[in-house]
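We number each residue from 1, following the sequence as shown. Just follow the structure's listing: the first ligand is 1, and inside any ligand the first atom is 1.
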Amino acid sequence: MTDRRPLVAANWKLHKTLGEAVALAEDLYAALTEDGEAALRDVDIVIAPVFTALARVHAALSETGIALAGQNVFEQDSGAFTGEVSAPLLADAGCTYCIIGHSERRQHFGETDDGVHRKLEALLRHRLVPIVCVGETLEQREAGDATEVIVGQLDRALGGIAPADLHDLVVAYEPVWAIGTGRTATAADAQAAHAALRAHLEGRDAKLGADTRILYGGSVKPDNAAELLAERDIDGALVGGASLQAGSFADIVRAAL
Ligand code: 13P
């Protein structure tokens with residue numbers, strides 16, 4: 001890790017009722033502060049609950065410095081779009097971040113790189129920090145195409161947006177074959193992927209490359225987090241399964257200190 005401020009984000013996916021979500025948020029704050037304020041002071045911590053729990057979790061965490069993220073967003077701000085949630089509504093519910101382009105959305109809901117680009121524009125219009133996910137499938141990795149796939153996804157997501165408008169950008173590298181499988185990329189493989197993503201950002205703009213935080217996601221657990229986070233281009237983690245327990249998520253946050 002470098003002088004980029006570490007960021008550890010929890011993606012709760014489709015889990016937790018209102019009561020469970022508030023309880024987990026409170027337990028998490030307790031677990032993060034049981035040995036002092038260092039974790040909250042030195043790591044940006046972000047939680048992405050389901051939409052229906054956002055406002056309540058926001059209220060529960062409002063004094064803590066823990067930030068809130070949407071798991072997805074629609075590209076338009078309002079209108080006749082039944083079932084969608086927009087960037088201004090996420091901001092209204094207390095979000096300051098939003099995940100876009102998660103592989104589960106690409107896989108199950110047909111999201112495309114162009115769609116991710118339009119979501120990114122919507123987030124920037126409303127000053128929400130985008131967490132843009134990229135990742136290759138096992139088939140693509142085995143064919144030797146991993147780097148080309150993830151750099152292409154990032155390139156198309158960013159499109160022609162000016163680097164100056166991307167100063168808060170967060171990228172998450174999540175190899176699809178490592179998500180929820182217990183199979184993690186080796187630290188060296190993850191570092192290589194992160195370095196390729198950073199090189200792409202540097203090619204767009206030196207400052208964008210130097211400042212953008214690139215998170216690793218895919219079966220991050222307390223026992224592998226430190227090794228991954230020790231790599232120079234891995235600036236944090238996007239955690240699924242292990243974020244559903246306060247103790248294990250807090251341990252991963254501490255590994256980023
Ligand atoms: P797991 O940590 O459960 O593998 O999920 C990773 C992920 O998809 C986070 O967005």
Any N or O of K221 that comes nearer than 3.5 Å to an N or O of ligand 1? no
For ligand 1, is any non-hydrogen atom under 4.0 Å from N11's backbone (N, CA, C, O), its side chain (CB onward), both, or neither?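 Side chain only.
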Part of S243 with heavy atoms under 4.0 Å of ligand 1, whether side chain, backbone, both or neither: neither
Do [X] and [Y] pair up side chain to side chain, a donor and an acceptor below 3.5 Å, judged on atom types alone?
X: Y29; Y: E34; result: no
X: N224; Y: T184; result: yes
X: W12; Y: Q71; result: no

Should D113 and R156 count as an ion pair when the cut-off is N to O under 4.0 Å? yes
Between D235 and R198, does at least one N-O distance fall below 4.0 Å, as a salt bridge requires?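 Yes, charged N to carboxylate O under 4.0 Å.
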Test of understanding: with side chain to side chain donor-acceptor pair (under 3.5 Å), list the residues that count as partners of E111, not counting sequence neighbours.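 Checked E111 against side chain to side chain donor-acceptor pair (under 3.5 Å); matches are R105, K119.
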Would you mind listing which atoms of ligand 1 come within a distance below 4.0 Å of any non-hydrogen atom of [X]?
X: G180; result: 1 (P), 3 (O), 4 (O)
X: A178; result: 4 (O)
X: G218; result: 4 (O), 6 (C)
X: S219; result: 1 (P), 2 (O), 4 (O)
X: L238; result: 9 (C), 10 (O)

May I ask you to check whether over 12 heavy atoms, not counting those of E202, lie within 6.0 Å of atom CD? yes
Should [X] be listed as contacting ligand 1, given a heavy-atom distance under 4.0 Å as the test?
X: A172; answer: no
X: G217; answer: no
X: A242; answer: no

Tell me which one of R183, Q71, K13, E174 gets a heavy atom nearest to atom 5 (O) of ligand 1.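 The nearest heavy atom belongs to K13.
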Give me each pair satisfying ring pair (Phe, Tyr, Trp, His ring centres under 6.0 Å) with a member in residues 64-87, each pair once, sequence neighbours excluded.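 Output for this query lists F74-F81.
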Tell me the protein heavy atom at minimum distance from atom 3 (O) of ligand 1, and give that distance in Å. G241 N, 2.8 Å
What protein heavy atom is closest to atom 2 (O) of ligand 1, reported as residue, atom name and distance in Å?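 It is G240 N, 2.9 Å.
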Among I161, V132, T112, the one residue meeting side-chain contact (heavy atoms from CB on, under 4.5 Å) with H117: I161
